[in-house]
Asks: 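Provided herewith is a single structure, encoded as structure tokens, for subsequent inquiry.
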Amino acid sequence: MNIDEMIEQLLGMNIARENNVVVFSHEARELVHKIAGRCSTIPTVVNAQEQTVTYAKGMSAEELYIDMLAKIAHAPSRLHMMMSARILIPVISQKLKEETDI
């Protein structure tokens with residue numbers, strides 16, 4: 001399965017619920033981590049990581065997921081839509097790992 005198919009699968013999961021409540025199931029968490037691993041080989045994503053981590057400071061994985069959905073929905077082009085997910089999912093993955101470590 002390629003990155004686009006995995007992201008499509010993630011977006012198809014019932015993660016974002018009414019009132020912007022986000023609940024990551026075990027399956028969704030595993031998929032986020034798998035996508036993040038694949039994205040770590042994309043030079044643009046690697047180059048943007050420092051800025052993305054700074055941007056995401058103080059945000060939870062759930063807040064970042066909602067932010068990613070908004071960025072995808074409002075993207076001016078398909079490329080922007082695709083890169084929004086590729087850049088933010090690794091940070092979501094890291095936030096989920098941090099929450100698990102607490």
Asks: Considering non-hydrogen atoms only, spot the tightest contact between I89 and A36 and give its length.
Replies: CG2-N, 4.0 Å
Asks: Does the side chain of D67 come within less than 4.5 Å of L88's, by heavy atoms?
Replies: yes
Asks: Using every non-hydrogen atom in the two residues, find where M68 and A85 come nearest and quote the distance to one decimal.
Replies: SD-CA, 3.7 Å
Asks: Name every donor-acceptor pair, under 3.5 Å, that has one atom in a side chain of residues 39-47 and the other anywhere in the protein, sequence neighbours excluded.
Replies:
unit_1, atom_1, unit_2, atom_2, d
S40, OG, G37, O, 2.6
T41, OG1, R38, O, 2.9
N47, ND2, P43, O, 3.3

Asks: Among all residues two or more places apart in sequence or in another chain, which pass the side-chain hydrogen bond (donor to acceptor under 3.5 Å, both in side chains) test with H26?
Replies: E30
Asks: What distance separates L11 CG from L69 CG, expressed to the nearest 0.5 Å?
Replies: 6.5 Å
Asks: Rounded to the nearest 0.5 Å, how far apart are OG1 of T52 and CD1 of I87?
Replies: 5.5 Å
Asks: Residues in side-chain contact (heavy atoms from CB on, under 4.5 Å) with A70, at least two apart?
Replies: H74
Asks: Please report the interatomic distance NZ(K97) to CZ(R29), rounded to the nearest 0.5 Å.
Replies: 12.0 Å
Asks: Who are the side-chain contact (heavy atoms from CB on, under 4.5 Å) partners of A61, not counting sequence neighbours?
Replies: F24, I92, K95, L96, E99
Asks: For S84, what residues pass the side-chain contact (heavy atoms from CB on, under 4.5 Å) criterion, not counting sequence neighbours?
Replies: K71, I72
Asks: Is any side-chain heavy atom of M83 closer than 4.5 Å to one of L79?
Replies: yes
Asks: So, for S93 and H33, which heavy atoms are closest and what is the spacing to 0.1 Å?
Replies: OG-ND1, 2.6 Å
Asks: Within a strict 4.5 Å, meaning less than it, do heavy atoms of the E62 and V23 side chains meet?
Replies: no
Asks: What side-chain donor-acceptor pairs closer than 3.5 Å can you find for residues 2-10, not counting sequence neighbours?
Replies:
unit_1, atom_1, unit_2, atom_2, d
N2, OD1, D4, N, 3.0
N2, OD1, E5, N, 2.8
D4, OD1, R86, NH1, 3.1
D4, OD1, R86, NH2, 2.7
E5, OE1, N2, N, 3.0

